[in-house]
Amino acid sequence: MFTIEQIKKAHAKVKSGADFPNYIQDLIILGVKGYDTFVNDGHVEYYGVNNYSVISDEKYPEIKIENTANKERFIEFLVAHQDGQTDYITFCNHSGQCGIAKWRVDIIEMTCTYFDKSGAEILIEKIPG
């Protein structure tokens with residue numbers, strides 16, 4: 001089974017959204033099946049086989065999550081981030097401003113789904129393989 005330390009080592013290689021596909025490949029090798037990232041404090045819950053999971057500590061001071069999702073504005077921020085124009089913490093702040101409470105990466109389906117505070121799906125995107 002994987003550990004938070006192994007995941008941190010893989011994540012240390014990520015400098016921008018442009019590095020995300022390689023990060024996913026590293027997680028597959030470790031046996032991670034998916035994970036949820038919580039925008040409010042940056043903690044992440046990683047999932048593996050047989051209900052195995054590990055949870056990372058919070059990563060930054062609390063970010064306020066707006067009550068109403070702004071999908072169009074979020075997509076603009078997401079595209080800029082994936083193009084390497086913003087760093088991770090900037091993207092997290094932008095996500096909160098747009099009402100995104102968490103995102104779920106499903107490594108089996110190769111999707112990333114963004115959710116609002118109520119748990120409603122705001123955007124689902126395919127992860128480039």
Mark yes or no for whether [X], through its side chain, and [Y], through its backbone, hold a donor-acceptor pair below 3.5 Å.
{"X": "Lys33", "Y": "Gly48", "value": "no"}
{"X": "Asn93", "Y": "Ile89", "value": "yes"}
{"X": "Lys117", "Y": "Ile65", "value": "yes"}
{"X": "Gln82", "Y": "Val79", "value": "no"}

Report whether [X] and [Y] are members of the same hydrophobic cluster (ILVMFWY, side-chain heavy atoms less than 4.5 Å apart, transitive linking).
{"X": "Ile7", "Y": "Ile29", "value": "no"}
{"X": "Val105", "Y": "Ile124", "value": "no"}
{"X": "Ile55", "Y": "Ile4", "value": "no"}
{"X": "Val39", "Y": "Phe77", "value": "no"}
{"X": "Ile28", "Y": "Ile108", "value": "no"}

What residues, two or more places apart in sequence or in another chain, satisfy side chain to side chain contact (heavy atoms under 4.5 Å, CB included) together with Lys9?
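Not a single residue meets the side chain to side chain contact (heavy atoms under 4.5 Å, CB included) criterion with Lys9.
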At what distance, to the nearest 0.5 angstrom, does [atom1] of [X] lie from [atom2] of [Y]?
{"X": "Ile127", "Y": "Glu109", "atom1": "CD1", "atom2": "CD", "answer": "10.5 Å"}
{"X": "Lys71", "Y": "Glu121", "atom1": "NZ", "atom2": "CD", "answer": "10.0 Å"}
{"X": "Ser95", "Y": "Tyr88", "atom1": "OG", "atom2": "OH", "answer": "8.5 Å"}
{"X": "Tyr46", "Y": "Thr37", "atom1": "OH", "atom2": "OG1", "answer": "6.0 Å"}
{"X": "Glu45", "Y": "Phe38", "atom1": "CD", "atom2": "CZ", "answer": "4.0 Å"}
{"X": "Asp26", "Y": "Gln6", "atom1": "CG", "atom2": "CD", "answer": "11.0 Å"}

Do [X] and [Y] have side chains that approach each other closer than 4.5 Å (heavy atoms only, starting at C-beta)?
{"X": "Leu123", "Y": "Ile75", "answer": "yes"}
{"X": "Ile107", "Y": "Leu27", "answer": "yes"}
{"X": "Lys8", "Y": "His11", "answer": "no"}
{"X": "Val44", "Y": "Lys59", "answer": "yes"}
{"X": "Ile24", "Y": "Met110", "answer": "yes"}

Without hydrogens or angle criteria, can the side chains of His43 and Ser56 be said to hold a donor-acceptor pair below 3.5 Å?
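On atom types as modelled, these side chains do not qualify, holding no pair under 3.5 Å.
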Check against side chain to side chain contact (heavy atoms under 4.5 Å, CB included), Arg104 and Tyr35
CA-CA 6 Å; Arg104 172 172 293 146; Tyr35 62 89; over 6 Å; no
What about the rings of Phe74 and His94, do their centers lie closer together than 6.0 Å?
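Aromatic pair excluded; centres sit 6.0 Å or further apart.
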Does the gap between the ring centers of Phe91 and Trp103 come in under 6.0 Å?
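Yes: the rings meet the under 6.0 Å criterion.
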Evaluate the side chain to side chain contact (heavy atoms under 4.5 Å, CB included) criterion for residues Ile122 and Ile100: first the C-alpha distance (whole Å), next the side-chain angles of each, then the deciding distance (0.1 Å), finally the verdict.
CA-CA 8 Å; Ile122 303 302; Ile100 302 301; 4.0 Å; yes
Applying side chain to side chain contact (heavy atoms under 4.5 Å, CB included), run through Tyr114 and Leu78 and close with a yes or a no.
CA-CA 11 Å; Tyr114 300 88; Leu78 178 62; 3.4 Å; yes
May I have all residue pairs that pass ring pair (Phe, Tyr, Trp, His ring centres under 6.0 Å) and include part of residues 47-66, sequence neighbours excluded?
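Matches after skipping sequence neighbours: Phe2-Tyr52.
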Any chance NZ of Lys126 has more than 12 other-residue heavy atoms, nucleotides or ligands included, within less than 6.0 Å?
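Above 12, so yes.
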I'd like to know if Lys64 and Glu62 make a salt bridge, using a cut-off of under 4.0 Å between side-chain N and carboxylate O.
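Result for this pair is no, no salt bridge flagged.
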Heavy-atom closest pair, residues Ser118 and Asp116:
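Minimum heavy-atom separation between Ser118 and Asp116: OG-OD1, 2.7 Å.
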Evaluate side chain to side chain contact (heavy atoms under 4.5 Å, CB included) for Asn40 paired with Ile63, printing each intermediate quantity in order.
CA-CA 5 Å; Asn40 67 321; Ile63 292 174; 5.6 Å; no
